[in-house]
Amino acid sequence: MNAQRTAFAVMAVVFALAPLVVYPVFMMKVMCFALFACAFNLLIGQGGLLSFGHAMFLGSAGYISAHSAKVWGLTPELAILAGTATAGVLGVFAGLLAIRRQGIYFAMITLALAQMVFFFCLQAKFTGGEDGIQSVPRGRLFGLVDLSSPWAMYAVVYVVFIAGFLLIWRTVESPFGQVLKAIRENEPRAISLGYDTDRYKLLAFVLSATLAGLAGATKALVFQLASLTDVHWSMSGEVVLMTLLGGLGTLFGPVVGAAVIVTMQNYLAQLGAWVTVVQGAIFVVCVLAFRKGIVGELIAWRDRRKAK
């Protein structure tokens, strides 16, 4: 626990000071995807539920947030809340269908639902089709703070990320989180102990969807854009990659994985289509050299040192 608190303090300080040396918009993108990956890790890392459709929560929240800010004229905090709530409601319906199955069948159901959401966003008039919703106004936070300033927007994203991360941390360490781990390890035994495993899995699914939506709604305001990219199936694959690369089931692994992937996408952009090839090669190397992920291997190395 002391190591986790130290790591959290270091992470909080790094993200707080990063915009002094790195482009603020880049760091805001890192934090949005880090929250998205942490939300996904809550579902697979703690509950053992692999979702291939988590992009539907990120993207749908982004569309609602952008539409409510641009068309309805909502303030940024209400726009983010609207997008997050939409993802939560979508998570309830998707979860009620998906948790009826396990393993690969659960993953395929989430993928099918995500594809339905993708084609809805492609055809619906309010989403702008392939053009998306552009020029989304950031507005004034609580009618006071002008978010057109990158520093003000960065502060909002920072608070959203830290709050979301702390909520996930608290959930993992709570009795609810321990039951999720028990379900992941041996669901029949958890049932024999009297736990309603379907209810726990549904709650985990909805919480994960809501936090993914929070990341998507915030991202839409950061980039002033909501597009099909965030609701495409490839985004669901990216978040799996981020989680595995950083360390599945670890608290800080998804943050590290998201930072690595976003950094590669940013600094290797000049390679064009070869970016995915380079990412694939790096992923293969990491899987072979760091089977537990970057953070997972660091934790294992620390434990081996303590054992000696």
Side-chain angles (χ1 to χ4, degrees), residues 1-19 22 27-51 54 154-155 157-185 190 200-201 203-212 214-215 218 239-263 286-287 289-308:
M1 183 60 70
N2 289 332
Q4 287 183 335
R5 288 174 179 171
T6 302
F8 174 76
V10 171
M11 181 187 72
V13 170
V14 167
F15 278 124
L17 300 180
V22 183
M27 290 307 303
M28 285 190 277
K29 183 178 181 180
V30 170
M31 286 190 288
C32 288
F33 277 109
L35 179 57
F36 181 36
C38 287
F40 176 77
N41 184 58
L42 176 64
L43 185 64
I44 184 175
Q46 305 302 318
L49 300 173
L50 173 59
S51 169
H54 244 51
Y154 189 91
V157 178
Y158 179 79
V159 170
V160 168
F161 168 70
I162 293 297
F165 185 88
L166 288 174
L167 176 59
I168 292 172
W169 190 0
R170 180 68 185 91
T171 301
V172 170
E173 298 297 332
S174 69
F176 173 78
Q178 301 305 310
V179 174
L180 280 181
K181 293 177 183 177
I183 294 173
R184 178 193 66 194
E185 297 299 327
Y200 278 92
K201 288 191 289 186
L203 288 173
F205 192 93
V206 173
L207 179 58
S208 178
T210 303
L211 289 170
L214 177 61
T218 306
V239 74
V240 174
L241 178 60
M242 292 174 184
T243 306
L244 293 177
L245 185 60
L248 179 65
T250 62
L251 191 60
F252 297 93
V255 179
V256 174
V260 171
I261 295 298
V262 173
T263 300
C286 288
V287 168
F290 311 105
R291 296 195 175 187
K292 297 179 181 179
I294 297 172
V295 174
E297 287 294 339
L298 289 174
I299 293 174
W301 175 76
R302 182 198 63 185
D303 292 341
R304 287 195 298 267
R305 287 195 61 185
K306 283 185 177 181
K308 292 179 180 179

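Source: prediction; values computed, not measured. Residue numbers count from 1 along this sequence.
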Do [X] and [Y] make a side-chain contact, defined as non-hydrogen atoms from C-beta onward lying under 4.5 Å apart?
X    : Y    : value
C32  : V157 : yes
F40  : L50  : yes
L43  : H54  : yes
C38  : V255 : yes
W169 : Q4   : yes
V30  : F15  : yes
F8   : L166 : yes

Exercise: identify the closest heavy-atom pair between [X] and [Y]:
X    : Y    : answer
A37  : T243 : O-OG1, 3.8 Å
V240 : S51  : CG2-O, 4.4 Å
Y158 : A16  : CE1-N, 3.6 Å
A215 : F36  : CB-N, 3.9 Å

Would M31 and I162 count as a side chain to side chain contact (heavy atoms under 4.5 Å, CB included) if you check the C-alpha gap in whole Å, the side-chain angles of each, and the deciding distance to 0.1 Å? CA-CA 9 Å; M31 286 190 288; I162 293 297; over 6 Å; no
To the nearest 0.5 angstrom, please state how far the [atom1] atom of [X] sits from the [atom2] atom of [Y].
X    : Y    : atom1 : atom2 : answer
L42  : L180 : CG    : CG    : 7.0 Å
E297 : T250 : CD    : OG1   : 11.0 Å
I168 : L207 : CD1   : CG    : 7.0 Å

State which residues pass ring pair (Phe, Tyr, Trp, His ring centres under 6.0 Å) with Y200; sequence neighbours excluded, sorted by chain then number. F176, Y195
Sequence-distant partners of F252, ring pair (Phe, Tyr, Trp, His ring centres under 6.0 Å), two or more places apart: F165
Between T171 (side chain only) and L167 (backbone N and O only), is there a donor and an acceptor less than 3.5 Å apart? yes
Please check: side-chain N/O of S208 versus main-chain N/O of A39, any donor-acceptor pairing under 3.5 Å? yes
Are more than 12 heavy atoms from other residues, nucleotides or ligands located less than 6.0 Å from atom NZ of K292? no
By the side-chain hydrogen bond (donor to acceptor under 3.5 Å, both in side chains) test, which pairs, at least two apart or in different chains, include something from residues 27-46? none
